[in-house]
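One structure below.
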Amino acid sequence: MIEVLLFAQLQEEAGKDKILLDIKEITVKEIKQTLQTQFHLSQIEESMVAVNESYALEGDVIQPGDIVAIIPPVSGG
Amino acid sequence: MIEVLLFAQLQEEAGKDKILLDIKEITVKEIKQTLQTQFHLSQIEESMVAVNESYALEGDVIQPGDIVAIIPPVSGG
Amino acid sequence: MSVMNRYHRQMLFQGIGQEGQAQLLSKQVLIIGCGALGSSSAEMLTRAGVGEITIIDRDYVEWTNLQRQHLFTEEDVYQQTPKAIAAARKLKKINSDINIHPVVIDATAENLASYVQHADVVIDATDNFDTRFLINDLAHKCRKPWIFGACVGSSGMTFTIIPGQTPCLDCLLKVTPMFGATCDAVGVIGPAVQMVVTHQTTEALKLLIDAKEKINSKLIIFDLWNNHYQTIDVSRAKRPNCSSCGEEPTYPSLSYHGRTKTEVLCGRNTVQIRGKQYSLELLESKLADYGEVKVNPFLVSVDIDEKRLVFFQDGRTFVHGTNSIEDAKKLYYQIVG
Amino acid sequence: MSVMNRYHRQMLFQGIGQEGQAQLLSKQVLIIGCGALGSSSAEMLTRAGVGEITIIDRDYVEWTNLQRQHLFTEEDVYQQTPKAIAAARKLKKINSDINIHPVVIDATAENLASYVQHADVVIDATDNFDTRFLINDLAHKCRKPWIFGACVGSSGMTFTIIPGQTPCLDCLLKVTPMFGATCDAVGVIGPAVQMVVTHQTTEALKLLIDAKEKINSKLIIFDLWNNHYQTIDVSRAKRPNCSSCGEEPTYPSLSYHGRTKTEVLCGRNTVQIRGKQYSLELLESKLADYGEVKVNPFLVSVDIDEKRLVFFQDGRTFVHGTNSIEDAKKLYYQIVG
């Protein structure tokens, strides 16, 4: 299982703050596409991704057991 | 290595907020005694202990790699 | 102006919405203590639109408060305004739609009971463990959720205690600590206060709108200066035989025996406090920060400003130099926490 | 009264002490924006005794602000007091020993430069990415640390950006986001604001007293309602060829081309804003929350209250129904963030 945490406006779009994906291995780029397809997240392309509290690049591989945070641009203040 | 985080007044007494102990295995009760002897922490007896973010009992065994938090009674408000 | 407009951004937040806002406006919160934690909690809940807020505090505003206690100004110090009153005046200017009840009393088992009974949520903003254990017992007796919070230095902790569900303060600490670190002894920075209040307020909002599944079940401990933040699973700490939250509770803080008692010793300019029995050795080392300490096998004494405190082995403390129970207790809790 | 007495509890805290307090009193902080983040930052730094605090904001106090923006009262709404002025009035009552400079302007590349130049630390309390990228470029050009902060809903994030050391905002976001979520669109709760401010203030104190080894090197992201808190190591994000913090910086936000430009269209009761080029499709879905949206292949328009916004494909936006650049920009940033 890969645990995906959604922050801010992405929660509203997905209707939840946490998603469990039953996937073996997936790149950051691919997980963005998967989430985009399944949950129609409008800003996933512009979102930062962190895997296990570390900034991730598009080609990084996510393993089962990893915790992924999807952090969209937030501008309120 | 066992990583011990000290909070609040214990930091002042120990002169640091983090202690690394090169110990194989140790119980919660024993680690309290060890810290007491080495750093003269006045309130370690009354402190809560958490191992890997879980409340620990005196007999629990701490392993290398564990993160231990020592939380003394704090009363300010 | 429309009430709805005022809370527009909060109603837009999906977790609260219009329904949640209506609930907030119909609820009562009791804030015990109006120092750093209490004044900020009161401000945030007032802005959020909680319908009724009762604030209990025995103290007045002083210079050393201004560094971290929100709502208070220099004028409050010059006027020596009681904290609950000073807070209420500011809060009414912020939100005239809700009811603020300032209560200037020293919280005791007797006078606190009816306030706890009428509250939907109780917020701990006290500065000593005696009052916290009193709250713990009263909250369990009345089946009310309460939100523990405390801070010193750059550290703090908070935990939401729900009767019949979570461990209670007694479960967590097992014994009443001899001393809790106080801001008077170790100091404190404003952000440590705000961090505790931020979590307490969030949990209060969840409790008030009955968002049960969102309540944080973990104890939070942090240190902002050293960049630590832990969320601790404390479910193991719950004891079925706990005297406050167990199967046959005795509520020890509410019994005559368990209480800290005070009396003015007539004609002696002295207040006697009868509380916990402290180890004289531990006292000796603690008191060294405050002034010259004298010790003999029966007592420890220290001079602080114009007052002298004498701690006896049997749990009695004399505060010489005052006839005011409030002043005496204040000094006493500054030291023992 | 003795200044030392006022800061006693903060000087007792070992991390600051007497020396640290003296340093705070000699330093300058620039707070850009005085909404929710800015008003609370200003209050905490004022109480902590930072010697000079400059607060820049173009806006005035409104009803919807009171739910989360500290310092402001109902009276400020009735008077439509500019936020920076309203804040400064309250702050002077809290601490008359320090200097507060309220500045009521719309921040631009020109007028912001000298303020950044004179500050020891810059705090981001803005509500839009245009100004944040402006701060990012100016801070790197002037080699000043700045503390990014933002929040919506129950979430927020903050990161301390130190030129020559950490990644910058441009490194983190790679592209300027099309839209940042705003409180006007998604709502916000007070604790989310305070959580960001708590971290920003702590980092500001560390920077001001030069406690370098204590600076939090991680980006903090949290969600209070859902009980998430992560500290993210972003060191990998730093790009040597970054146009703001890289080896050959061009500071794109400071160039004429990179700036958002505004002009009043004479006699048309309309303001033109020339900014980023937005995807009309994305705009269409975003704008649906605000009112009826009309679309054709060249533009998207929406009516909001008495105004009409028209977004063109080339990055121009018309705000019909006003001659005020301030009003037009405010509405524009409420939507695009």
Side-chain angles (χ1 to χ4, degrees), chain C residues 1-2 5-16 40 43-44 47-49 63-64 66-70 72-75 77 90 93-96 152-154 183-192 194-195 197-199 201-202 205-206 211 214 216-218 224-227 229 231, chain D residues 1-2 5-16 40 43-44 47-49 63-64 66-70 72-75 77 90 93-96 153-154 183-192 194-195 197-199 201-202 205-206 211 214-218 224-227 229 231:
Chain C
M1 84 79 220
S2 129
N5 194 24
R6 178 199 279 269
Y7 306 118
H8 179 255
R9 301 298 188 268
Q10 193 163 282
M11 292 188 298
L12 266 184
F13 171 62
Q14 275 196 332
I16 293 183
S40 284
E43 175 161 6
M44 291 181 75
R47 293 191 183 276
W63 283 115
T64 54
L66 295 183
Q67 163 252 340
R68 69 196 179 286
Q69 304 192 5
H70 287 207
F72 307 142
T73 63
E74 293 181 353
E75 185 62 24
V77 179
K90 310 289 159 45
K93 290 182 185 171
I94 290 168
N95 193 344
S96 57
V152 294
S154 57
C183 304
D184 309 276
V186 197
V188 65
I189 56 171
Q194 298 309 315
M195 185 80 167
V197 172
T198 292
H199 286 93
T201 309
T202 310
L205 294 176
K206 293 173 184 173
K214 297 296 183 185
N216 198 332
S217 62
K218 309 282 180 71
L224 288 165
W225 205 256
N226 296 297
N227 309 311
Y229 183 95
T231 57
Chain D
M1 83 81 219
S2 130
N5 193 24
R6 178 198 280 267
Y7 306 118
H8 179 255
R9 300 298 188 268
Q10 193 163 281
M11 292 188 299
L12 265 184
F13 171 62
Q14 275 196 334
I16 294 183
S40 284
E43 174 161 5
M44 290 182 75
R47 292 191 183 275
W63 282 115
T64 54
L66 295 183
Q67 163 252 339
R68 68 197 180 285
Q69 303 192 6
H70 287 209
F72 306 142
T73 63
E74 293 181 353
E75 186 62 23
V77 179
K90 308 291 159 42
K93 290 182 186 170
I94 290 169
N95 193 344
S96 57
S154 56
C183 305
D184 309 276
V186 198
V188 64
I189 56 171
Q194 297 309 315
M195 186 80 167
V197 172
T198 291
H199 286 93
T201 310
T202 309
L205 294 175
K206 293 173 185 173
K214 297 296 183 185
I215 301 291
N216 199 334
S217 62
K218 309 281 180 72
L224 288 165
W225 205 257
N226 296 297
N227 309 310
Y229 183 95
T231 56

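Chain naming here is simple, since letters A, B, ... match the order of the sequence lines and numbering starts at 1 in each. These values consider heavy atoms only, across backbone and side chains, with no hydrogens, waters or symmetry-generated copies. Predicted model, so just to flag it, every value in this text is computed and none were measured.
- Both the backbone and the side chain of D:Ser154 come within contact range of chain C, judged by heavy atoms closer than 4.5 Å.
- If you measure heavy-atom distances from D:Ala185 to chain C, the contacts under 4.5 Å come from the backbone alone.
- Residues that satisfy the side chain to side chain contact (heavy atoms under 4.5 Å, CB included) test with D:Asn227, not counting sequence neighbours, are C:Glu203, C:Lys206, C:Asn216.
- Using bins of under 30°, 30° to 60° and over 60° for the plane-to-plane angle, the ring pair C:Trp225/D:Phe13 lands in the perpendicular bin.
- Here the side chain of D:Glu74 pairs a donor or acceptor atom with the backbone of C:Ser96 at under 3.5 angstrom.
- For the options C:Val77, C:Thr201, C:Val186, heavy-atom pairs under 4.5 Å to chain D are most numerous at C:Val186.
- Interface residue D:Val188: backbone and side-chain heavy atoms are both found under 4.5 Å from chain C.
- Per-residue counts of heavy-atom pairs under 4.5 Å with chain D were compared for C:Gln14, C:Glu43, C:Glu75; the largest is that of C:Glu43.
- The parts of D:Gln194 that come within reach of chain C are both its backbone and its side chain, each placing non-hydrogen atoms under 4.5 angstrom from that chain.
- For D:Lys218, the salt bridge (charged side-chain N to carboxylate O under 4.0 Å, His left out) criterion is met by no residue, not counting sequence neighbours.
- In this structure, the separation between CZ on D:Arg9 and CD on C:Gln67 is 8.5 Å, given to the nearest 0.5 Å.
- Proximity of C:Arg6 to D:Thr64: side-chain heavy atoms (C-beta onward) are nowhere separated by under 4.5 Å.
- D:Leu12 and C:Asp184 make their closest contact through CD1-O, 3.1 Å (heavy atoms, listed as atom of the first residue, atom of the second, distance).
- Heavy-atom distances place the side chain of D:His199, and not its backbone, under 4.5 Å from chain C.
- Looking only at distances, no side-chain donor or acceptor of C:Arg68 sits under 3.5 Å from a matching main-chain atom of D:Arg47.
- Summarising the geometry of C:Thr198 relative to D:Pro191, their closest heavy-atom pair is CG2-O, 3.3 Å, with the distance given to 0.1 Å.
- Taking each heavy atom of D:Leu66 and C:Ile94 in turn, the nearest pair found is CD1-O, 3.9 Å.
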